[in-house]
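These values consider heavy atoms only, across backbone and side chains, with no hydrogens, waters or symmetry-generated copies.
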Amino acid sequence: GHCAQVLFTVLLWAKLWGVGGMIVSVPLTAVLRIVLKEVNHPYTKQAVSILEGRWMPQVPPGVLGSRRRSNSNPHFSALDSVLNAL
């Protein structure tokens, strides 16, 4: 998993259960992901994608405009390059 994701789960479970939550945070989150993956519901699919580190939505090609247009505005060029990398 991603380092930020692991850190977030440790902090979340520590807030809920203290030191014991910190110890069981990663295994408990892994079990939660496996259980949610087996449930057939749109909300659980979104939760599983977040737990698997795929939290950014998939942007179809061409939605953000052409490269020429995105490069003309420096504020959107970094965001455009990140979304094109997905």
Side-chain angles (χ1 to χ4, degrees):
H2 303 289
C3 295
Q5 183 181 15
V6 171
L7 182 63
F8 176 75
T9 58
V10 168
L11 292 175
L12 175 74
W13 290 109
K15 184 71 173 172
L16 293 175
W17 290 343
V19 176
M22 292 174 76
I23 294 170
V24 298
S25 63
V26 174
L28 201 59
T29 304
V31 169
L32 179 67
R33 184 187 66 84
I34 292 169
V35 169
L36 289 176
K37 200 169 189 172
E38 296 299 319
V39 176
N40 189 15
H41 193 274
Y43 293 147
T44 59
K45 290 179 182 179
Q46 183 66 29
V48 168
S49 68
I50 291 170
L51 289 173
E52 289 179 344
R54 295 178 290 140
W55 53 275
M56 290 199 58
Q58 295 295 325
V59 178
V63 169
L64 296 175
S66 67
R67 285 197 176 268
R68 185 180 319 149
R69 193 169 120 203
S70 66
N71 288 337
S72 65
N73 189 342
H75 297 290
F76 293 111
S77 63
L79 175 63
D80 195 26
S81 64
V82 168
L83 291 176
N84 284 333
L86 298 175

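M22 pairs with exactly one of L12, L11, V10 by the side-chain contact (heavy atoms from CB on, under 4.5 Å) rule, that one being V10.
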Atom pairs and distances, side-chain donor-acceptor, residues 30-41, under 3.5 Å, sequence neighbours left out:
| unit_1 | atom_1 | unit_2 | atom_2 | d |
| --- | --- | --- | --- | --- |
| R33 | NH1 | E52 | OE2 | 3.0 |
| K37 | NZ | E52 | OE2 | 3.2 |
| H41 | ND1 | Y43 | N | 3.1 |

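Residues forming a side chain to side chain donor-acceptor pair (under 3.5 Å) with T29 (at least two apart in sequence, or on another chain): W13.
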